[in-house]
Structure formats: structure tokens, C-alpha cells
Asker: 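One structure is given below, represented as C-alpha cells, and several questions about it will come after.
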Number of protein chains: 2
Amino acid sequence: MAHHDLQTVSHECGDCPIRHRAVCARCETDELQRLEQIKYYRSYQAGQTVIWSGDRMDFVASVVTGIATLTQTMEDGRRQMVGLLLPSDFVGRPGRPTAAYDVTATTDLVMCCFRKKPFEDLMSTTPHVAQRLLEMTLDELDAAREWMLLLGRKTAREKIASLLAIIARRDAHLKLKSAKGAIVFDLPLTREEMADYLGLTLETVSRQVSALKRDGVIELEGKRHVIVPDFDRLIEETGDDSDGGYLV
Amino acid sequence: MAHHDLQTVSHECGDCPIRHRAVCARCETDELQRLEQIKYYRSYQAGQTVIWSGDRMDFVASVVTGIATLTQTMEDGRRQMVGLLLPSDFVGRPGRPTAAYDVTATTDLVMCCFRKKPFEDLMSTTPHVAQRLLEMTLDELDAAREWMLLLGRKTAREKIASLLAIIARRDAHLKLKSAKGAIVFDLPLTREEMADYLGLTLETVSRQVSALKRDGVIELEGKRHVIVPDFDRLIEETGDDSDGGYLV
DNA sequence: ATTCGGCCTTGATGCAGATCAAACCCGCAA
DNA sequence: TTGCGGGTTTGATCTGCATCAAGGCCGAAT
């Protein structure tokens, strides 16, 4: 694994993220061919449900553009988001026939899909694909555990600050920082979705966002466009160790 | 992967869980040899810290006997458990040099360790090890997401019932059900550890355990020995869909 | 121009669980 | 036998967030 230069591959790979995440062209060109053959695209509109929990799922996929969420729902309607899928994130699991969560497109969404059977065959013959997938899954597991700390121990204000920091970080390498280092981005979630993410009610989310604005931690243009004038200040509000994973 | 019969292997494998979880002897006997050569054991006493978050970690391991926890701590001391390691569970991550969480032995603990470098080498040459590890990691991710629902949306009583059900299930295939189908087990956690698991205070844990006892959902002998006379009744208290993963 | 329906904000009130405090249980060592 | 300390229970009070309720904003349809 160590000798593969995954960076250089992305340039040669066209528009499908899983190719440069899962495969190294330098030594796996034939695998690229095989991936190419079994891939296809699906599109969904904002708000559409991609998969219901329990549905048969005959493909794995990676997000090309747009944002999707994984959510769990209890019988009485309480909802908890358990995954936020941004471009290049992977959906589905080799070895599981059915989906464990509802997958919903929160924006218009394009996914690059691979039929499961051939993808699994590919996996069992090439160590690199399985390894890369393992690496991605371990990253997700880390994110899930960070999220658990948030859900179990953080205050509402810390939760909001943490979510804003997460989104800011994920967007940071795409979006520009504005003139004097401020970070600017659009919230991809409604207040209700934020609440489902954070284990809060939408009213509490609204109040805490207003509070952060009142205290100058963030500025708002409209309801979704966020300006973070001082990222360090935002991080202070999260309750996290300040050293952990600074802007990459 | 499909054609490997992992079941039959476990009999030939001696006392180290990872061997029958990660490797299939029928077609990977040489890998068994190699695993054998790089494995060694470590023992810890109850209460001992195995690894501090941020420490260099030059091995991966699987729990042989005893119980360990993964926890995250905020500067001000708020703690959240993010993993509970029972026998056969895997610790550590190929590809990461340092530990991301505190690992603590809550009982006397024996782990079967593999030096990381040779283990990674083994992984990159055999698809099966990486695949098996991926499968285990996906299971952990599912567990983490279940846990997120618990932390974000369940009431204190539901949290306690859920934890008891999880432990009952994990123990079920080892422990006996008593005479008329009651399930009996010992809590491996103190009230405080339960609180850290559930995102509660120890006082709330204590009160809710008492409440479940008062309502006849559980019986207690001493503070740790739990009798569940009617498992279905306990499941009702968790708030979960009743169909999900019954005792197995 | 008006209405409608999502989405969001803000206020008033209630309650589950946190916090503070005291005492209990029990194994163990002196 | 006494005292001690870690784990636990239970009570009294406080508080952060949920709940209930009303209204505002704004883009899209009529």
C-alpha cells in the first residue's frame, strides 16, 4: 500500500471518486478497467429517498455531487441522523444484502454505483480495494465516535459549534477563505436536519444559532449562508481539544 | 470469501480469536503460520490503562479474555465511552500510528497482539485478512450508529434497558438461560462506567436501574448480578423495533 | 397582488435529568 | 471489632432543553 501514489491517480480518473480512492492506477490498471465496466450513475432530487432501511440493496456507490444523509427512526418517530455523506463518501457494504438505514438526498444528488456482485468479486481478488475500503471505513468509525462524544456529553451550544466546524472543515479545501481569513460556506442542512444530526429539537438549534450570531462567533446572510470570521473562536466553542485536526 | 468455511477453522485454531476471525485455514495455511510467528500476549489488571489516547501504538490486538473500554475525555473531564471490547473484539487500526482513544481494562484482561508492521505486510498480500477486518469494522460501525441513536434520542430508562439488552445478548451464547427462560448475567461495568457508556450521570443510572427493578423488568442479586425474567419485556423498554436482532 | 406552504424565529412553560448532598453497603485491613 | 474506602442509593433542588404556541420571512403558484 505504501508505495502507491494515490494522489497522482485522481487526475487520470475522470469524475468518479471511488476510482481514485479505491484503486491505484499505477499497478492496478486492469482493475480500473473492471471497475469501469460495472459502474453506472444514478441521480436523485433533493428530498428524495434513495433507500429505505431494510430494502434490498444490490449496489454499492460513492457520492459524486450533492449531499445525502443516513438516518435511523424509532417507531414513535424520533429520528437520529447517523451519517452525512458528502462527495467522495462511500455508501453500502459489501457482504450485507439489505440497507440498515434510510438514505435520503438532502440536495440534488448524483451517485456512482457499482453492482454489488462484481464489486465483491473484484474485492476478493485484489487486496488494494479491500484495504482502501477498510481505511475509509475506519475513518468513518472515527467520525462516528467523535459524534458519540458530541451526542452524549456536549451542550447544545457546543453541538452547534461542532457541526459548523465540521462543515467548515469539509468545505474548506473547496471553498475559499474570504479576504482576511474568514471562512464562508452554505449550510447544506435545514434546522430540522441539523437537529436530527445533533440530537436536539429544531427550536433549540434555531436558538443556539441565533446565540452564536449574537455573540459574534458567526455571521449570517440569509438563513443558510454562514461566515466564520475567526475559526479559532469557533473551535473554542466546540469544547474540543483545540489541537485536534486543525483545518487539515 | 464465500467458499471459505470459517466455522470449521475455529476448532483448529487454539486460543486466539483473531485467527479464526481473520483467516481461513483451508486455503490460507501459510498465513496461519505467519500470524503465529508474529503473535504474542499481553495481560493487564482490572483498572489498568492499556493505551492512552495519542500514544504510539505498534501493535494490533484482539481481546482473548476480559473486558476493555474505549473512552474519549474532554479537557474539563466529561467522559464518553465510545467502544466496549469483549472477547474476540479487535483493537487498533492498520495504517494509523497512534491511538485515538484511551483503552482501559475494566476487568483483568488478556490480549493477543500482533506487531503492526508484519501484520500490515500480511494484510497487503492476502485479500482475506483485509476483507475479514473490513467486515468486522463494518459491524463496529453499525454498532456505533445504533449507539448514536441511543445517545441522541433515547430516554434514560430506554438507555439503561438497551445497555442491559446488549450485554444480555452478547453474553447469551456463553451464559445459560436459567430454568424457565430467564437470562442471567453479571454487569461488567460500574454505575459510573454505565453512565459514561450512556451519556448520563451515575445517579441517573442508579435511579433508573432501581426503577426497572421496582417495575419487575429485572431482578438484582447484589449490585451486579442481573436476572431478566422476560427478555421480550426488557426489549419493549428499549424503544427499539422488537424485530431487530433477537437474541440470535 | 394575494395567498400559500416551507422554513425559521421567538416566547412561555414544563419536565427529565443534572447537580449537590447525605447516608448506606460491604469487603477488607488493622 | 472497628474503621475505612470504593461503589452505590436516595433525597432535594436546579436548569437546560423540550414542548407548546404564535407569528415572521420568502419564494412559488394562482
Side-chain angles (χ1 to χ4, degrees), chain A residues 45-48 74 76-80 104-107 150-164 186-215 218-226 237 239, chain B residues 45-48 69 74 76-80 104 106-107 150-164 186-215 218-226 237 239:
Chain A
Q45 296 178 336
Q48 246 189 311
M74 299 169 69
D76 63 4
R78 281 175 280 173
R79 283 164 54 89
Q80 176 64 51
T104 312
T106 61
T107 64
L150 177 150
L151 289 171
R153 295 304 189 191
K154 288 189 177 178
T155 65
R157 169 182 263 243
E158 287 168 341
K159 285 178 174 182
I160 300 288
S162 299
L163 176 55
L164 294 175
D186 283 305
L187 276 176
L189 304 175
T190 65
R191 299 291 184 258
E192 184 172 22
E193 287 163 341
M194 291 172 70
D196 286 342
Y197 187 113
L198 299 171
L200 298 170
T201 60
L202 68 92
E203 293 94 332
T204 298
V205 170
S206 179
R207 272 185 252 272
Q208 295 298 335
V209 169
S210 298
L212 287 176
K213 180 181 170 188
R214 171 173 39 73
D215 299 344
I218 59 172
E219 292 158 27
L220 286 179
E221 272 169 19
K223 319 216 170 256
R224 300 294 197 89
H225 192 74
V226 179
E237 295 284 350
Chain B
Q45 296 179 335
Q48 246 188 310
T69 62
M74 299 169 69
D76 62 4
R78 282 177 279 174
R79 283 164 54 88
Q80 177 63 52
T104 312
T106 61
T107 65
L150 178 149
L151 289 171
R153 294 304 188 190
K154 288 188 177 180
T155 65
R157 170 182 263 244
E158 288 169 340
K159 286 178 175 181
I160 300 288
S162 299
L163 176 55
L164 294 175
D186 284 305
L187 277 176
L189 304 175
T190 65
R191 299 289 184 260
E192 184 172 22
E193 286 163 340
M194 291 172 69
D196 286 342
Y197 187 115
L198 300 170
L200 298 171
T201 60
L202 67 92
E203 293 95 330
T204 298
V205 170
S206 180
R207 273 185 250 273
Q208 295 298 336
V209 169
S210 299
L212 288 176
K213 180 182 171 188
R214 171 172 41 71
D215 299 345
I218 60 172
E219 293 157 27
L220 286 178
E221 272 168 19
K223 319 217 169 253
R224 300 292 198 91
H225 192 72
V226 179
E237 296 284 352

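Computed from a predicted model, the values in this text were never measured in an experiment. Only heavy atoms go into these numbers, but all of them, side chains included; no hydrogens, no water, no symmetry mates. Chain A is the first sequence line, chain B the second, and so forth, proteins listed ahead of strands; every chain is numbered from 1.
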Asker: D/dC17 C1' sits how many Å from A/K154 NZ, rounded?
Answerer: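 That distance rounds to 18 Å.
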Asker: Answer yes or no: does atom CD of A/E192 have more than 12 heavy-atom neighbours from other residues, nucleotides or ligands under 6.0 Å?
Answerer: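 No, CD of A/E192 has 12 or fewer neighbouring heavy atoms, counting only those of other groups under 6.0 Å.
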Asker: Between C/dT10, D/dC17, C/dG17, spot the one nearest the side chain of B/T155, thanks.
Answerer: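 Closest nucleotide among those given: C/dG17.
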Asker: Figure out the CE/P separation between A/M194 and C/dC8, and round it to whole Å.
Answerer: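 Computing the A/M194:CE to C/dC8:P distance gives 9 Å.
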Asker: Out of D/dG7, C/dA18, D/dA18, which has the shortest distance to the side chain of A/T204?
Answerer: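 Per side-chain heavy atoms of A/T204, the pick is D/dA18.
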Asker: Kindly compute the distance separating CG (B/L187) from CE (B/M194), expressed to the nearest 0.5 Å.
Answerer: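 Answer rounded to 0.5 Å: 5.0 Å.
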Asker: Where the side chain of B/L202 is defined as all heavy atoms beyond and including C-beta, which of D/dT8, C/dC8, C/dT10 is the nearest nucleotide?
Answerer: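 So the side chain of B/L202 is nearest to D/dT8.
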Asker: Please give, in whole Å, the distance from D/dG16 P to A/L151 CG?
Answerer: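 Spelled out: CG on A/L151 to P on D/dG16 is 20 Å.
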Asker: Which nucleotide, D/dT9, C/dT10, C/dC8, lies nearest any side-chain atom of B/K223?
Answerer: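 So the side chain of B/K223 is nearest to D/dT9.
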Asker: Can you tell me how far P of D/dG27 sits from CZ of A/R224, to the nearest Å?
Answerer: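 Atom CZ in A/R224 sits about 13 Å away from atom P in D/dG27.
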Asker: Considering only C/dT10, D/dA18, D/dT10, which nucleotide approaches the side chain of A/E203 most closely?
Answerer: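 So the side chain of A/E203 is nearest to C/dT10.
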Asker: Given atom CG of B/L189 and atom C1' of D/dG7, what is their separation to the nearest angstrom?
Answerer: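 Those two atoms, CG and C1', are 14 Å apart.
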Asker: Roughly how many Å is it from CG in B/L220 to P in C/dC25, rounded to a whole number?
Answerer: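 Rounded to whole Å, this separation is 15 Å.
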Asker: Could you state the CD-C1' distance from A/E192 to C/dC7, rounded to the nearest angstrom?
Answerer: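 Taking CD of A/E192 and C1' of C/dC7, I get 10 Å after rounding.
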Asker: Heavy atoms from C-beta onward define the side chain here; which of C/dT10, C/dG17, D/dT8 lies closest to that of B/Q208?
Answerer: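 Within the option list, the nearest is C/dG17.
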Asker: B/T190 or B/R207: which one's nearest nucleotide on DNA chain D is closer to the 5' end?
Answerer: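 Nearer the 5' end of the strand: B/T190.
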Asker: Look at the side chain of B/L200 and decide which nucleotide, out of C/dT9, D/dA18, C/dG17, has an atom nearest to it.
Answerer: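 For B/L200, the side-chain atoms sit closest to C/dG17.
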Asker: On a heavy-atom basis, which atom in A/K159 and which in A/L198 lie closest, and how many Å separate them?
Answerer: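 Closest approach of A/K159 to A/L198: NZ-O, 3.0 Å.
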Asker: Just by distance, do the side chain of B/R78 and the backbone of A/R153 share a donor-acceptor pair under 3.5 Å?
Answerer: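 Checked: pair present.
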Asker: Starting from C1' on C/dC7, measure out to CG on A/L187 and report it in whole angstrom.
Answerer: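 Taking CG of A/L187 and C1' of C/dC7, I get 13 Å after rounding.
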Asker: Just to be sure I understand the rule, does B/G47 reach a base, reach only the sugar-phosphate, or reach nothing, if contact means heavy atoms closer than 4.0 Å?
Answerer: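 Nothing, no heavy atom under 4.0 Å.
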Asker: If you round to the nearest 0.5 Å, how far is CG of A/L151 from NZ of B/K154?
Answerer: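 The CG atom of A/L151 is 13.0 Å from NZ of B/K154, to the nearest 0.5 Å.
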Asker: Check the phosphate of C/dA18 against B/T201, side-chain N and O only, distance under 4.0 Å to OP1 or OP2. Yes or no?
Answerer: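 So the side-chain polar atoms of B/T201 do come within 4.0 Å of the phosphate oxygens OP1 or OP2 of C/dA18, strictly under.
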Asker: C/dG6, OP1 or OP2 - any side-chain N/O from A/R191 closer than 4.0 Å?
Answerer: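 No, outside the criterion.
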